[in-house]
Participant: 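Here it is, the structure in full.
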Amino acid sequence: MKKTTILAVQIALAFSLAACSKKNEAPAGTPAAASATPASLADLQNPDAVNKAVAATLPKGDPATPLNAYRKIDSGHQVMFMYYALSNMPAPYDEIAKTYSDEYRRTSDSFKQRDILKALQPRIDGEIAGAKNGRYVVVDQQDSRLLQRYDFEKKSFALNDFSDDRYTFFNDNSQYTLATTNAADFSAFKVTDEARAREIEGYLSSYKPLRLETYAYAQDADPSNRRIKLQVMKVRLLDARGTVLAEM
């Protein structure tokens, strides 16, 4: 089967699945997935066009969700629980326990392992259930190299790590990762106010740390690489004191 045919079948299947779940998952007013359908065979050979078409079939977050409703993600264990919450696959308790519990991982006594696993299962189930009901998340980054220098022509600061082909992981459990489906829409902070642009440039030129808060909606789990797909809803740039310098 030709590559273009395979891609066409994949997209058709994605749209078919989306049509079945649209009533329950997509909020009112969400643009129809068909609007992102590749227009030609040439589009079907373009990975970006295919990715956008598939992303359009995923459930969408509600832009009106207040920021205080987003829960902070700062651990790979949280990503792991979210992955099993969205994938709807049976939780592999033994595998999860090896990552989640030092005590379970370190003992070679099979009876002790069995007892520990039995005690851990309700907690694991609770974490997965909580993740399923907590799909609005915020990821906090702090670094002095979050942004590129000011682009005078575009009047903006480009974000260094914001693109759809990048992913995020946490050191405590790097097997499960986060990626975005619409990072290109949030690739740069538009800052037209010169005083504010000077202030941000001052932080960059002196290598002072800045904070980046990425608010997102967990759309889906990708079983091919244990990755959560996030729809970015809002991004804020803050200084070390928590003052918002730019947002979009």
Side-chain angles (χ1 to χ4, degrees), residues 10 13-14 17-18 20-21 24-26 54-55 57-62 65-143 161 164-181 183 211-233:
Q10 290 175 332
L13 177 59
L17 293 174
C20 294
S21 60
N24 293 327
E25 295 181 326
V54 174
T57 69
L58 299 176
K60 302 296 188 293
D62 183 357
T65 302
L67 298 187
N68 60 13
Y70 288 74
R71 64 187 184 95
K72 188 173 183 179
I73 295 287
D74 57 8
S75 166
H77 298 322
Q78 292 172 290
V79 181
M80 174 178 66
F81 293 130
M82 177 70 77
Y83 172 79
Y84 289 108
L86 298 185
S87 67
N88 292 318
M89 294 189 297
Y93 293 108
D94 176 69
E95 181 181 337
I96 292 174
K98 287 177 181 177
T99 303
Y100 190 51
S101 169
D102 289 339
E103 185 180 7
Y104 183 86
R105 184 169 58 252
R106 289 171 181 169
T107 185
S108 59
D109 186 318
S110 58
F111 284 93
K112 286 185 178 179
Q113 281 190 332
R114 185 181 180 185
D115 291 340
I116 294 171
L117 189 60
K118 185 177 180 180
L120 281 176
Q121 281 188 12
R123 183 172 180 178
I124 292 172
D125 289 338
E127 293 283 0
I128 292 174
K132 183 171 290 189
N133 295 321
R135 295 171 69 163
Y136 289 92
V137 300
V138 55
V139 180
D140 195 333
Q141 296 171 267
Q142 185 167 336
D143 201 337
D161 292 335
D164 290 331
D165 60 349
R166 298 182 70 90
Y167 61 88
T168 299
F169 65 89
F170 297 93
N171 291 330
D172 62 340
N173 187 348
S174 60
Q175 300 177 49
Y176 300 85
T177 60
L178 301 169
T180 57
T181 60
R211 281 178 52 207
L212 191 70
E213 293 179 342
T214 302
Y215 295 83
Y217 175 73
Q219 297 177 284
D220 194 18
D222 184 351
S224 66
N225 47 25
R226 293 183 172 180
R227 187 162 295 162
I228 297 296
K229 296 180 179 181
L230 299 177
Q231 175 196 7
V232 180
M233 308 297 292

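Below, each value reflects all heavy atoms present in this structure, side chains not excepted, and no hydrogens, waters or symmetry copies.
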Participant: Is Asn133 atom CG crowded by more than 12 heavy atoms from other residues, nucleotides or ligands, each under 6.0 Å away?
Facilitator: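 Yes.
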
Participant: For Met80, does its backbone N or O pair with a side-chain atom of Glu127 as donor and acceptor, under 3.5 Å?
Facilitator: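 Side chain of Glu127 to backbone of Met80, a donor-acceptor pair under 3.5 Å: no, none is there.
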
Participant: Looking just at side-chain N and O atoms, do Tyr217 and Gln219 make a donor-acceptor pair shorter than 3.5 Å?
Facilitator: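 No, Gln219 and Tyr217 have no side-chain donor paired with an acceptor closer than 3.5 Å.
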
Participant: Measure the shortest side-chain to side-chain distance between Tyr70 and Thr65 over non-hydrogen atoms and say whether it is less than 4.5 angstrom.
Facilitator: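 Of all side-chain heavy-atom pairs linking Thr65 with Tyr70, at least one is under 4.5 Å.
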
Participant: Working to the nearest 0.5 Å, report the span between CG of Leu120 and OH of Tyr93.
Facilitator: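 The CG atom of Leu120 sits 11.0 Å away from the OH atom of Tyr93.
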
Participant: Kindly give the heavy-atom pair with the smallest separation between Pro122 and Ala119, and that separation in Å.
Facilitator: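 That closest heavy-atom pairing would be CD-O, 3.4 Å.
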
Participant: So how far is it from Glu103 CD to Gln113 CD, rounded to the nearest 0.5 Å?
Facilitator: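 Reported value, rounded in 0.5 Å steps: 10.5 Å.
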
Participant: Do you know the tightest heavy-atom contact between Pro59 and Arg135?
Facilitator: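 Scanning both residues completely, I find the closest heavy atoms to be CG-NH2, 3.7 Å.
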
Participant: Sub-3.5 Å donor-acceptor pair from the side chain of Gln231 to the main-chain atoms of Gly61, do we have one?
Facilitator: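 Checked: pair present.
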
Participant: Main chain of Tyr83, side chain of Ser87: is a donor-acceptor contact present, judged purely on distance under 3.5 Å?
Facilitator: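 Present.
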
Participant: May I ask you to test the Asn88-Lys132 pair for a side-chain heavy-atom distance under 4.5 Å?
Facilitator: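 Yes, side chains in contact.
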
Participant: Is the number of heavy atoms from other residues, nucleotides or ligands under 6.0 Å of Arg114 CZ greater than 12?
Facilitator: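 For Arg114, atom CZ is not crowded (no more than 12 foreign heavy atoms under 6.0 Å).
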
Participant: For the atom pair CD1 (Ile116) and CD (Gln121), what is the distance rounded to the nearest 0.5 Å?
Facilitator: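 Those atoms lie 12.5 Å apart.
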
Participant: Verify whether the ring centers belonging to Phe81 and Tyr100 lie closer than 6.0 Å.
Facilitator: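 They qualify: ring centres under 6.0 Å apart.
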
Participant: So, applying side-chain contact (heavy atoms from CB on, under 4.5 Å) with Ile228, which one of Leu86, Asp222, Ile73 is it?
Facilitator: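 Running side-chain contact (heavy atoms from CB on, under 4.5 Å) over Leu86, Asp222, Ile73 with Ile228 returns exactly one hit, Leu86.
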
Participant: Let me confirm one number: the OH-CG distance from Tyr215 to Leu230, rounded to the nearest 0.5 Å.
Facilitator: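 Taking OH in Tyr215 and CG in Leu230, the distance rounds to 14.5 Å.
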
Participant: Under the rule for side chain to side chain contact (heavy atoms under 4.5 Å, CB included), what residues qualify as partners of Gln175, not counting sequence neighbours?
Facilitator: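 Gln175: side chain to side chain contact (heavy atoms under 4.5 Å, CB included) contacts with Glu95, Thr99, Asn173, Arg226.
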
Participant: Considering all heavy atoms of both residues, which atom of Ala218 and which atom of Met82 are nearest to each other, and what is their separation?
Facilitator: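 Looks like CB-SD, 3.9 Å.
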
Participant: For the residue pair Ser174 and Phe169, what are the closest heavy atoms and their distance?
Facilitator: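 Closest heavy-atom pair between Ser174 and Phe169: CB-CD1, 3.6 Å.
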
Participant: Rounded to the nearest 0.5 Å, what separation is found between the CZ atom of Arg105 and the NZ atom of Lys98?
Facilitator: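 Here the interatomic distance stands at 11.0 Å.
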
Participant: How far does NE2 of His77 sit from CG of Asp172, to the nearest 0.5 angstrom?
Facilitator: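 Answer rounded to 0.5 Å: 4.5 Å.
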
Participant: Using the side-chain hydrogen bond (donor to acceptor under 3.5 Å, both in side chains) rule, take Tyr176 and Tyr84 through it: C-alpha gap first, then chi angles, then the decisive distance, then the call.
Facilitator: CA-CA 10 Å; Tyr176 300 85; Tyr84 289 108; 2.8 Å; yes

Participant: State which residues pass side chain to side chain contact (heavy atoms under 4.5 Å, CB included) with Thr168; sequence neighbours excluded, sorted by chain then number.
Facilitator: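 If we apply the side chain to side chain contact (heavy atoms under 4.5 Å, CB included) test to Thr168, skipping adjacent residues, the hits are Leu178.
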
Participant: Do any N or O atoms from the side chain of Arg227 and from the backbone of Thr177 form a donor-acceptor pair under 3.5 angstrom?
Facilitator: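 Checking the backbone N and O of Thr177 against the side chain of Arg227, no donor-acceptor pair under 3.5 Å is found.
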
